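Step one of this worksheet: look at the structure below.
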Amino acid sequence: MELFLERLISGLTNGSIYALLALALVVVFRGTGTLNFAQGELALFTTFVAWWLTTQSIPVWIAIVAALVLGFVMGALIERTLIRPVQRRNDMAVLIVALGLFTGLNSLAGLLWGSETKIMPSPFPNGLDDYVSIGGARLYFDALGVWGALIVLMFLMTLLFKKTKIGLHMRAVADNPESATLAGVRTSRVLAIGWGLSGAIGALAGVLVTPLAPQQLGLTTMFSIFIAASAAALFGGLDSLVGAIVGGLVIGVLEAMLTGYISIIGGSLQQTSALIIIVAILFVRPNGLFGTQKLVRV
Amino acid sequence: MTTIDTPEKTVAPRPSRTPKPRRRIVVEGSAKHRGIQALSALLVVLFLLWAASQPLFRVGQFTNVFIIAIAIVGLNLVTGYTGLLSIGHSAFFGLGAYTTGILITKYEFAPMSTIPVAVVLSFVVGLAVGLPSLRIKGLYLALVTLAVGVSFPEIVRRAEDLTGGATGLVIRSRFLAPPEWTGLVRAERGIWMFWLSAVTLMLVMLLARFLVRSRFGLAMMASRDHEIAAAANGVNVARTKILAFGISGAITGLAGSLFAQYIGALSPDGSFTLLKSIELVTGLVLGGIATQIGPVVGAFAVVFLPYYTASFTSGPLSGVVFGALLIAIVFVMPEGIVGRLTLLSRKVVTFLPADHPSRRKGERPPEEPT
Amino acid sequence: MKRLAQMVSAVAVSTLVLTACGSNSGGSDGGGSGGGDASEVVSADDCADPDAATEEITKTLKVGWTAATSGPLADAVGNVIEGMEARFAVENEAGGIDGVQLEVVVKDDAFNPERAKANVGELIQKDKVHVIDTFGSGQLDAIADDQNDACVPLLFAQASVPAYRDIENFPWTTEYLPSADVEMGVVVESLKKKYPDGATVAMAVNQTESGQGVADGFTKAVEGTNLKIVAEEPLTDPKTAASTLKASNADILVDAGVTTDCLALSQAIGRVGWKPDTVIQPSNCADGATLYEPAGDAADGQQILRWLKDPNNVEFKDDAAVKEYIEQAGANGADSPLNSYTVNGWAIADLMVDNFKRAAASDDGLSRLSIMQAARTQDYQPPMFIDGVKFTMTPTQALGILAFKPYTWDAAGKTFVAAGDVIDISDDYDK
């Protein structure tokens, strides 16, 4: 039981991180119809900035807020200057721009701060004794903090989309950009805000995950998390916020349980086995668990 | 990105300020057309002869380009012409490479005789990967290919007895000597691989050209452009997609087999991760998606761009420059290099099939495609 | 892979016998350490261009690197190269190798074997380097054949692949990093002393070449002892590995991991509340400040083997070699002389300079062949190696480092403390 709870906690914690980054992907997809390949590296870059601020003896919480703001600005700027001009011409080109950003941002972080592993301080107490015991398993406060962050973010997003004008506009643009424009929504501003929002969410995921990640903060930290997060977003349904969260949590728990309990899979087929299960589920629900089916006119 | 459009379709018409330059019309099959074809063939041969006379390391780089180009030709069939984005082609590349590597080192096959096995195996796996396309579409299908790409290195690591696991599989150069009939000795392996890859690339490009122009090619493009309309017009969309995946996988697997013979050292984390898939997709889009020459141009770009950015800059800066270059190229040429050049060249020369309606009536060629 | 290795060595033995019959009737008379005749194992006869291999090197001797100077390993690689360049600068200032100046040429391979292969071709054919070096086993696999065919020495590769310790097949290749078999042999030696009545072992294994090498080395070394491996888990997710291994409740935890695993595993076992009696970390986890300190108490008492003097450690505060190193490396462009990779680069350059000097003093003068022959008969302690640890190569043995000094991490003092004398197992090998 203790072992099971340990695995469940570890899975839910990883899953919360996947869910956060998946949320960022979904917000972009709803606006632009694109999977942002550079989302993970954008989060990596902002996390490096947060780390750098903490080394300048700035408190970690302020550093995190700064990273979120930077994430928002960078996201919006990227949409404005790099994505929009190409997207009008060719969808496939957006993919290459994102790949260029992927390589460029990663190398830029390496250029500015070096490739050596950095230790990002956790905003939550994370000493060896900072835990509560649940049935013998240890739930550390920084893991609890990640769960809390996900819940708060879910609440804020619901508020944004359901109660605010800009949220309404974002939903309108996601539904049908042309009608939204005709109805007087300033589509271009909404798109930039959407990308900014996802940049900020990604930044949050980055600063929360690195103190927990096995590799700490290094140039490779975000890649595997990004792969899991994009799988989570697709699994949940690319246009569904709830889907991203459920998808992230399911993948996190699946990974932990499969690795722990099925010795043939062991640690060596972790990603494979989780992805195979997801593909099998997609067979039953081709648009993900919560995704909506697009009507096609002939 | 849920659909992949042909470059031509999405190019916005530009207002022309100057009067249109006169365009020459060349009819396919005419003497002039034959002449142009012969001239291009001559240029290709001259280029290859020049390339083969370069220092050996340069010849090796060209070999690498040809092999990547073959892999991209394979990817182009499924992603370019059939419109199914694949980020799992690193797995086919790896499957071909490991098939050749295992057959040579464990079963003492001659290198050349491993190629058909690698191709058939990759074809079968390609069909299997294509199966989900029956139900899963768009980016969701890309997730299926992502799963394939992620799994391959994990499976190689797991199947240690066969593949050498994480340690890798090394084919020593004495097993890779050129066949006797070539009269080449072991030390001339580099030149042998150069010609083998060059000839294979040309054959594969001819095959792709033939396929695209066949009924099956029409079916591929029809399912890409409008799946429902294609089905309504009698295209067996399911069969087309699955078969496209199979052929595409086979060609990329062929590239992998050549790659194993070229590099001689395989490791799951070296050349067969998702990063290879990304390299192939980058090459395809840079070169020009759904074009015949695009894969070759794209392969040159993905092999030589990082090489030159690394030689002009040092360390991480080269990565920043490479990223910026990628974005810059897309800004200047969103249809890819070949796509852009084709559009430009149409202002000067237009190629028309002999049975084109405008020919029969003796009219002016059609306006700029919109 | 094993079968391939057997096949390779079978072929190797037969070719050795043939060449021995054909060219050399003398037989080996100096199998002992340092002696022996390197011309028996390295010659220019099989080279594509034998004259180039024996041509005397004048003016400049070029050492060409293919390594990842961009990407996640850029800092480590950069430090190794800076350490080497600093050491060469010192040598050049003192007049070089009999007047021959040393130069380093670097090409980035971004840890991609294809680019490593192309780089080495270019280094040999265009830059005309005389010696090659590289970082990583995948690179080494991709270039060893080409470099052996061209008869350009690849000295002190930063890798530890058993295949390249095969002198007959790869006469022109040597590796710097200690063999995992040797290291684990020393580990098991010390464990046997600590647990005379036997103990249970849990092993966390990284799914890469070096992780597997350590695990295989340990498994081989415990054969026939009363140490028993009771659990083995892959290190894909350190948290999962820690939970699962904790259930085995073993006395000893062996981290068969790469550099990035050490801290993660320490933190993970700390968090699941497991405190094994002994934790063994691999020798590549040498940096205290980044790999042990952040884990706090969880890393206390962990054991590691070292062969280099650690300039950060008070133990070497008054060591003449360390003082000189810090001063000279800093003065010659090494940004972070205290980094263990910089020390490695410096030590490798020391070993190279020793080879070059002996080659220059040989009858044939300084050439690629004489450098390689010198490298095959080396018995030298670079000043930055811990006293009692030497780098030893003979015509029959290519293991290099065969001795280590054990250390334990002191979490309170934030430093490594020596945990005994140098353990030398060269007697087990050089026979």
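In what follows, every chain begins at residue 1, and chains take the letters A, B, ... in the order their sequences are listed. Bear in mind the structure is a predicted one, so any value in this text is a computation, not a measurement. Side-chain atoms are counted along with the backbone in the values below, which use heavy atoms only and exclude waters and symmetry mates.
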task = Go through the steps to decide whether A:E79 and A:V28 satisfy the test side chain to side chain contact (heavy atoms under 4.5 Å, CB included), and finish with yes or no.
result = CA-CA 10 Å; A:E79 198 279 334; A:V28 162; over 6 Å; no

key: Aromatic plane relationship, A:F102 with A:F37 - under 30° parallel, 30 to 60° tilted, over 60° perpendicular   = perpendicular

ask   = Going by the side-chain hydrogen bond (donor to acceptor under 3.5 Å, both in side chains) test, which pairs reach into residues 80-89 of chain B, not counting sequence neighbours?
value = B:S86-B:H89, B:H89-B:S248

message = Under a 4.5 Å cutoff for heavy-atom pairs, which residue among A:L282, A:V284, A:I276, A:V279 has the most contacts with chain B?
response = A:L282

Report all side-chain donor-acceptor pairs from residues 227-237 of chain A shorter than 3.5 Å, counting only partners two or more places apart or in another chain.
{"residue": "A:S230", "atom": "OG", "partner": "A:F226", "partner atom": "O", "Å": "2.9"}
{"residue": "A:S230", "atom": "OG", "partner": "A:I227", "partner atom": "O", "Å": "3.1"}

ask   = If you count heavy-atom pairs under 4.5 Å with chain A, which of B:L141, B:V150, B:L134 comes out on top?
value = B:V150

message = If I measure from the heavy atoms of chain A, does B:F322 come under 4.5 Å with its side chain, its backbone, both, or neither?
response = side chain

ask   = What part of A:L219 gets closer than 4.5 Å to chain B, counting heavy atoms only: side chain, backbone, both or neither?
value = neither

ask   = Who among A:G100, A:G104, A:S115 has the most heavy-atom pairs with chain B under 4.5 Å?
value = A:G100

request  = Take the angle between the ring planes of B:F272 and B:F93 and call it parallel below 30°, perpendicular above 60°, tilted in between.
outcome  = tilted

ask   = Distance-only, no hydrogens or angles: does the B:N76 side chain make a donor-acceptor pair with backbone N or O of B:T291 under 3.5 Å?
value = yes

message = Less than 4.5 Å to any heavy atom of chain A: does that hold for the side chain of B:V281, its backbone, both, or neither?
response = both

Interface moiety of B:L325 toward chain A, non-hydrogen atoms closer than 4.5 Å = neither

